[in-house]
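Within every chain, numbering begins at 1; the chains are lettered A, B, ... in the order of the sequence lines, protein sequences first and strands thereafter.
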Amino acid sequence: MKEEYRRILQAVAAIPPGRVASYGQIAARAGLPGRARMVGKVLGYRTEGMKLPWFRVLRADGRIAFEPGSRGFREQTERLRAEGVVVQNGRIRMQEFGLDHDLDRELWGIPD
DNA sequence: AGTATGACATATA
DNA sequence: ATATATGCCATAC
C-alpha cells in the first residue's frame, strides 16, 4: 500500500470520538495539503471490515458527503449520533464538534 | 496519451 | 442558499 494511504488512514483513526474533521483537514494532517479528494478515495476502498472511524469525516461545510437518504448517509448519521454528535438535516456544526474547536479549548481553556 | 469521474475545497456571482 | 468555475490527482477506460 502507498505510504500516502497509510498516513491518511492514520489521520482518520486519530479523530477523537465525538468529534469530526473535514476531508481537507485530514489531507493536511496526513501531509497532503490540497488533496482532499484522495481522502475520500481511500475511505471508499478500505472501509469494509476495518475498524476505522470513517464516519467522523465530513465536508468542509459540515455536511455529510453522501446523498441524503442513501445508505451511507443514514449509517453515518447513526454512528455520529451514537457518540453524541448532533446531526440535523445531514449537517454538523463544526464550530461545536470540529477539531479546531478542541484546539481553542486547549489553548484558551474555554470551559464546556 | 487523452478523457472522464469522484465520500473535496475555495472563490466568486 | 444555489450555481458555476478552478484546482486537485488517483483510477478507470
Return the minimal non-hydrogen interatomic distance between A/Ala21 and A/Leu99, and the atom names on each side.
-> CB-CD1, 3.7 Å

Apply side-chain contact (heavy atoms from CB on, under 4.5 Å) to the pair A/Arg71 and A/Phe66, showing each step before the final yes or no.
-> CA-CA 8 Å; A/Arg71 186 211 110 261; A/Phe66 294 107; over 6 Å; no

Between A/Arg63 (CZ) and C/dA1 (C1'), how many Å, whole number?
-> 10 Å

Is A/Asp61 salt-bridged to A/Arg59, going by a charged N under 4.0 Å from an acidic O?
-> no

List in numerical order all residues of residues 77-87 of chain A for which some heavy atom is under 4.0 Å away from an atom belonging to DNA chain B.
-> none

Determine yes or no for a side-chain-to-main-chain donor-acceptor pair under 3.5 angstrom, with A/Gln76 supplying the side chain and A/Val57 the backbone.
-> yes

Rounding to the closest angstrom, what is the interatomic distance between C/dT6 and B/dA7 at atom P?
-> 23 Å

In B/S/- notation (B base, S sugar-phosphate only, - none; protein heavy atoms under 4.0 Å), nucleotides 6-13 of chain C written 5' to 3' is -BBSBS--

Mind checking salt bridge (charged side-chain N to carboxylate O under 4.0 Å, His left out) for A/Arg7 and listing every partner two or more places apart, or none if nothing turns up?
-> A/Glu3

Shorter than 3.5 Å, N or O on both sides, protein versus nucleotides 10-13 of chain B: list them out with atom names.
none

Can you run through DNA chain C from 5' to 3' and write each base as (, ), [, ], | or . depending on how it pairs? Watson-Crick or G-U wobble, both distances under 3.5 Å.
-> .||||||.|||||

By salt bridge (charged side-chain N to carboxylate O under 4.0 Å, His left out), A/Arg79 pairs with (sequence neighbours left out) A/Glu75

